[in-house]
Protein chains: 2
Amino acid sequence: MKIGQLAQQTGTPVDTIRYYEREGLLPRAARTEGNYRIYDAVHLERLAFIRRCRSLDMTQDEIRVLLRFRDTPSESCEDVNALLDAHIGHVAERIRELQQLETQLQVLRACCEEGRQAAECGILNELSHGGAELTTPAASESHLAATHAGGRQHVPPRQGGGA
Amino acid sequence: MKIGQLAQQTGTPVDTIRYYEREGLLPRAARTEGNYRIYDAVHLERLAFIRRCRSLDMTQDEIRVLLRFRDTPSESCEDVNALLDAHIGHVAERIRELQQLETQLQVLRACCEEGRQAAECGILNELSHGGAELTTPAASESHLAATHAGGRQHVPPRQGGGA
DNA sequence: GCTTGACTCTGGAGTTACTACAGGGTTTCC
DNA sequence: GGAAACCCTGTAGTAACTCCAGAGTCAAGC
Ligand SMILES: [Zn+2]
Ligand SMILES: [Zn+2]
Ligand SMILES: [Zn+2]
Ligand SMILES: [Zn+2]
């Protein structure tokens with residue numbers, strides 16, 4: 001199959017598939033005479049695997065490790081289990097951080113109710129004279145990201161699994 | 001004061017201060033004869049404000065809005081309050097997403113206990129044959145970021161607030 | 001006067017996991 | 001044989017920094 005079909009079947013943008021190939025997550029695809037990439041079931045499985053991992057918010061490096069184990073079925077999977085534990089830790093820690101953040105934000109929000117003049121806005125005032133102690137901005141111990149996502153939306157174009 | 005002192009007093013890396021200037025969050029600083037930036041209390045206040053906002057995980061754009069209100073004290077602060085509500089929404093939504101994620105990960109984790117051979121690892125198997133339905137990777141409705149932070153650690157070098 | 005060292009300057013590249021082009025070539029179908 | 005739909009490469013942009021090289025400035029010491 002060609003790249004567009006693979007994209008459809010896995011709900012992955014075409015650009016992303018080519019990107020994974022560049023990054024080495026997918027092997028280089030064979031080409032047709034006209035230089036089109038061709039894929040088979042093996043590629044599809046592998047890409048599906050990658051996408052499931054990404055939907056669990058793993059990094060490429062984490063995925064790379066899992067792929068290595070998938071490729072060497074005779075090794076012990078201890079490290080797989082450990083990796084997953086670590087990743088669960090990443091998520092759990094980020095949740096804790098965000099919950100603290102939410103509390104702080106709610107406290108701050110309670111400083112102003114109605115539309116006052118900005119000069120008297122409890123929120124602006126609180127942000128101005130250090131209520132918080134000027135710490136490093138929300139730095140995770142374990143590589144966990146900030147709150148906002150840059151425009152990384154994609155909205156898959158209706159995924160024809162069984163329709 | 002020079003940039004290093006400002007950095008110390010606010011717990012901000014020097015590079016970040018210069019970066020904020022480039023981005024227009026801080027006004028261009030005056031210069032000495034030797035072309036060094038000089039700052040006064042006004043700059044310090046403004047930077048502290050920015051850092052408090054960042055420690056609440058606001059985006060530069062969100063901060064820009066707050067700064068505009070800070071600079072025009074006669075306007076109504078309704079939009080400030082609304083912005084904060086929206087931002088609390090961002091955080092709350094990301095928390096919900098991550099909690100779902102954590103649940104999924106724990107289910108997955110339960111598929112394998114001891115170190116089996118990778119071929120029989122319940123986790124790898126589950127990731128291989130679609131347990132999850134191959135959706136778009138953890139895409140937030142409202143611009144909320146992924147779980148891991150790229151090397152954006154900084155470890156402030158001992159902050160001499162009152163010591 | 002000169003050196004050492006701490007500090008500062010500019011500009012540019014790297015980070016994550018993509019996304020979005022521009023400017024072409026290929027296939028397919030009528 | 002011509003247009004639509006698909007595919008190719010390569011480059012640049014995203015958020016909020018971080019790190020570096022190569023150079024200039026300043027205070028102190030000898
Ligand atoms: Zn992780
Ligand atoms: Zn207010
Ligand atoms: Zn927000
Ligand atoms: Zn296992």
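In this text, all values refer to a predicted model and were calculated from it rather than measured experimentally. Residue numbers start from 1 in every chain, and the chains themselves are labelled A, B, ... in the order their sequence lines are given, proteins ahead of strands.
- Under the 3.5 Å distance criterion, with hydrogens and angles disregarded, a donor-acceptor pair is assigned to the side chains of Thr12(A) and Arg51(A).
- Phosphate contact (OP1/OP2 of dT9(D), side-chain N/O of Arg31(A), threshold under 4.0 Å): present.
- Side-chain contact of Arg64(B) with Gln60(B): a donor-acceptor pair under 3.5 Å is present, judged by distance alone.
- Listed nucleotides: dC17(D), dC18(C), dT10(C). Nearest to the side chain of Asn35(B): dT10(C).
- Residue Tyr36(B) has no polar side-chain atom (N or O) positioned under 4.0 Å from OP1 or OP2 of dG24(D).
- Taken to the nearest 0.5 Å, the CD atom of Gln99(B) stands 10.0 Å off from the CG atom of Leu98(A).
- Separating the CD atom of Gln8(A) from the P atom of dC7(D) is a distance of 10 Å, rounded to the nearest angstrom.
- Note: Leu66(A) CG to Asp71(A) CG = 11.0 Å, rounded to the nearest 0.5 Å.
- Between the CD1 atom of Ile17(B) and the C1' atom of dC19(D) there is a distance of 16 Å, given to the nearest Å.
- As rounded to whole Å, 13 Å separates atom P of dT19(C) from atom CD1 of Ile3(A).
- More than 12 heavy atoms of other residues, nucleotides or ligands shown are found within 6.0 angstrom of CZ on Arg31(A).
- Of the two residues near DNA chain C, Gln60(A) and Gly4(B), the one whose nearest nucleotide lies more 5' is Gly4(B).
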So which protein N/O to nucleotides 10-12 of chain D N/O distances come out below 3.5 Å?
none

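- Regarding Met1(A), its CE atom lies at a distance of 19 Å from the P atom of dT27(C), rounded to whole Å.
- Nucleotide dT18(D) holds its P atom 13 Å from the CD atom of Glu23(B), rounded to whole Å.
- Atoms NZ (Lys2(A)) and P (dT27(C)) sit 8 Å apart, rounded to a whole Å.
- As rounded to whole Å, 17 Å separates atom C1' of dT18(D) from atom CD of Glu21(B).
- Of the candidate nucleotides dC18(C), dT9(D), dC17(D), dC18(C) has the atom nearest to the side chain of Tyr20(A).
- One atom, CZ of Arg54(B), and another, P of dA15(D), lie 12 Å apart when rounded to the nearest Å.
- Contact between the side-chain N/O atoms of Thr16(A) and the OP1/OP2 oxygens of dA17(C) is not found at any separation under 4.0 Å.
- Proximity of Arg18(A) to the phosphate of dC8(D): a side-chain N or O atom is located under 4.0 Å from OP1 or OP2.
- Distances shown here put a side-chain N or O of Arg37(A) below 4.0 Å from the OP1 or OP2 atom of dT9(D).
- Annotation: the span from Arg94(B) atom CZ to Asp57(B) atom CG amounts to 11.0 Å, rounded to 0.5 Å.
- In Glu78(B), the CD atom is not crowded: 12 or fewer heavy atoms of neighbouring residues, nucleotides or ligands sit closer than 6.0 Å.
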